[in-house]
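Notes to accompany the following structure.
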Protein chains: 2
Amino acid sequence: MPTESRRDRHRRELVEEITAVARRQLDEGGPGNVSWRGVAREVGMNPASLYTYFGSLDDLFTALITESFHSLAGAVDQAFDDSEGAEPVDRLLACVRAYRAWAVANPRQFNLIWTDQLPGYAAPPDGPTVTAEQTVYRPFLLAVGEAEGCGDRLVEFATLPTDDQHRLLGLFGTLHGLVSLEINSHLAPSMVDGEALLVDRMAHALRHVHPPRDRSHIDTSEK
Amino acid sequence: MPTESRRDRHRRELVEEITAVARRQLDEGGPGNVSWRGVAREVGMNPASLYTYFGSLDDLFTALITESFHSLAGAVDQAFDDSEGAEPVDRLLACVRAYRAWAVANPRQFNLIWTDQLPGYAAPPDGPTVTAEQTVYRPFLLAVGEAEGCGDRLVEFATLPTDDQHRLLGLFGTLHGLVSLEINSHLAPSMVDGEALLVDRMAHALRHVHPPRDRSHIDTSEK
DNA sequence: TTGACTTGCCAAACAGCGTTTGGATACGAT
DNA sequence: ATCGTATCCAAACGCTGTTTGGCAAGTCAA
């Protein structure tokens with residue numbers, strides 16, 4: 001029976017402190033601002049001692065990426081849970097808003113998890129980052145399943161026909177693309193409201209999942 | 001009268017060689033693989049001598065970013081020119097394909113120009129990177145202008161009503177998002193064809209700009 | 001052609017980086 | 001109490017971007 005010795009607790013707390021410090025450095029100046037020696041300095045240790053807790057800087061980044069995926073997934077999950085009972089489309093839009101809100105609040109983490117940012121870094125295949133990424137898609141798949149009338153059972157993406165796969169990925173691609181453009185200051189020159197733009201386009205893409213009685217506005221809203 | 005002395009020519013050639021070497025290092029291992037000393041080593045010079053041609057590593061990256069923007073814009077421009085006379089929608093789709101093809105061929109450059117990748121780097125406001133980015137949007141605006149029946153005159157984005165701005169940005173957001181996801185290996189687990197997915201969604205989004213006689217298929221292609 | 005002046009280039013140094021090594025110290029389990 | 005292991009540190013290695021001072025070469029006017 002694994003009772004926690006004082007060494008184990010100290011180790012656990014130190015690992016948490018290390019990742020917390022590294023995450024702060026990441027949020028403040030991006031991946032290039034996260035330095036092994038800098039973390040060691042802040043936690044008051046010799047750089048060599050850190051190797052007791054992480055095998056390398058890449059391992060530390062793996063932890064950061066995993067943590068960020070879970071943080072994003074948690075934000076979307078909460079939006080999904082909080083909107084229980086609402087119209088399926090509104091639940092999906094709530095998830096969309098949560099996705100954008102998290103990205104706006106954590107732009108460095110957003111870029112870290114979605115684009116290659118580290119010199120020689122390659123995520124370990126079947127590692128924690130891969131499974132963590134899946135948790136982000138889960139609430140969206142649940143919401144879409146609900147909208148499509150599949151009840152609570154999780155949509156199995158791989159079993160869907162190609163058309164539906166394309167519709168789903170197109171939806172997520174638009175979400176991801178608009179948020180990515182906004183986060184990286186490519187929308188600013190247009191002087192448009194990022195959230196309004198995103199919600200407008202997502203609602204437009206989802207207009208067909210409204211109850212049939214609402215379909216009358218389809219041809220008037222589009223050229 | 002600025003005739004080119006042999007010093008001037010040598011300088012111009014060296015600047016070209018430096019950026020070429022740096023770009024190769026970028027393509028091979030991302031921004032983190034581009035090192036001042038590495039470039040100096042490859043062009044056979046002392047690191048300090050490079051400061052005659054670029055003020056700092058950030059200045060070198062500014063040149064790389066500008067060059068990449070122009071490279072991408074050139075690829076899309078060529079697709080636009082080569083498709084002259086075709087259906088407006090097909091011209092737009094040709095530009096979309098060119099955009100993706102360039103990104104697939106130059107993923108490091110793609111990530112470099114669209115997302116924050118450099119530690120303390122901040123693009124000089126009103127600098128060359130800002131104007132270079134605009135050249136990417138130009139062929140898309142021209143193609144959309146043609147599709148909307150505005151003739152050859154460039155669509156002035158800022159003067160468009162909000163609805164049209166949203167439609168345009170939504171289109172580009174989908175394009176950018178899907179390509180970005182594919183480039184960064186987030187589409188691979190889905191086992192979908194990236195190009196087929198992209199063209200499918202873009203064609204779907206553009207189905208309304210077809211000539212009126214073709215509108216009959218709209219409701220059958222969508223759930 | 002000579003002189004003055006600018007530019008190009010290098011060697012050396014500084015502070016910082018990730019990582020490895022060897023040895024000392026403190027803890028946990030037997 | 002002892003053995004073994006986990007923890008921690010000092011020092012070093014080779015890398016990084018950048019600065020400094022000085023020397024050689026190219027440019028241009030007198």
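Fair warning: this is a prediction, and the values are worked out from it, not measured in the lab. First the proteins, then the strands, lettered A, B, ... as listed; each starts at 1.
Between the C1' atom of D:dT16 and the CD atom of B:Glu42 lies a distance of 16 Å, rounded to the nearest Å. D:dG17 atom C1' lies 16 Å from atom CZ of B:Phe54, rounded to whole Å. In this structure, A:Asp59 atom CG and C:dG18 atom P are separated by 14 Å, rounded to whole Å. If you take CG of B:Leu50 and P of C:dC10, they are 9 Å apart, rounded to a whole angstrom. Taking atom CG on A:Leu14 and atom C1' on D:dC9, their separation rounds to 15 Å, with Å as the unit. Rounded to a whole Å, the CD1 atom of A:Ile18 is 11 Å from the P atom of D:dT7.
Looking at B:Asp200, its side chain never comes within 3.5 Å of a backbone N or O of B:Ala196 through a donor-acceptor pair.
Annotation: side chain of A:Arg12 is not in contact with side chain of A:Asp8 (no heavy-atom distance under 4.5 Å). With a 4.5 Å cut-off on side-chain heavy atoms, B:Asp77 and B:Arg138 count as touching.
Closest of all the heavy-atom pairs between B:Thr174 and A:Thr174 is OG1-OG1, 2.7 Å.
In terms of phosphate contacts, B:Tyr53 brings no side-chain nitrogen or oxygen within less than 4.0 Å of OP1 or OP2 of C:dT7. Within the 4.0 Å cut-off from OP1 or OP2 of D:dT7, at least one side-chain nitrogen or oxygen of A:Arg11 is found. Taking 4.0 angstrom as the limit, A:Thr52 places none of its side-chain polar atoms (N or O) nearer than this to OP1 or OP2 of D:dA6. Between A:Arg41 and C:dC17, a side-chain N or O to OP1/OP2 separation shorter than 4.0 Å is present.
Ring centroids of B:Phe157 and B:Tyr137 are separated by 6.0 Å or more, keeping the two rings apart.
With respect to A:Arg167 and A:Asp164, a salt bridge is recorded, a charged nitrogen being found less than 4.0 Å from a carboxylate O.
For DNA chain D, none of the residues of residues 26-33 of chain A falls under the heavy-atom distance limit of 4.0 Å.
B:Ile183 contributes atom CD1, which lies 10.5 Å from atom NE2 of B:His176 (distance to the nearest 0.5 angstrom). Taking CD of A:Glu182 as the reference point, atom CZ of A:Arg100 lies at 4.0 Å (rounded to 0.5 Å).
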How does protein reach along nucleotides 19-30 of chain C, written 5' to 3' as B (base within reach of a heavy atom under 4.0 Å), S (only sugar-phosphate), or - (no contact)? BBB----BBS--

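Nearest nucleotide to the side chain of A:Ser35, out of D:dC8, C:dG18, C:dG8: C:dG18.
Heavy-atom contacts from other residues, nucleotides or ligands closer than 6.0 Å to CD of B:Gln134 number more than 12.
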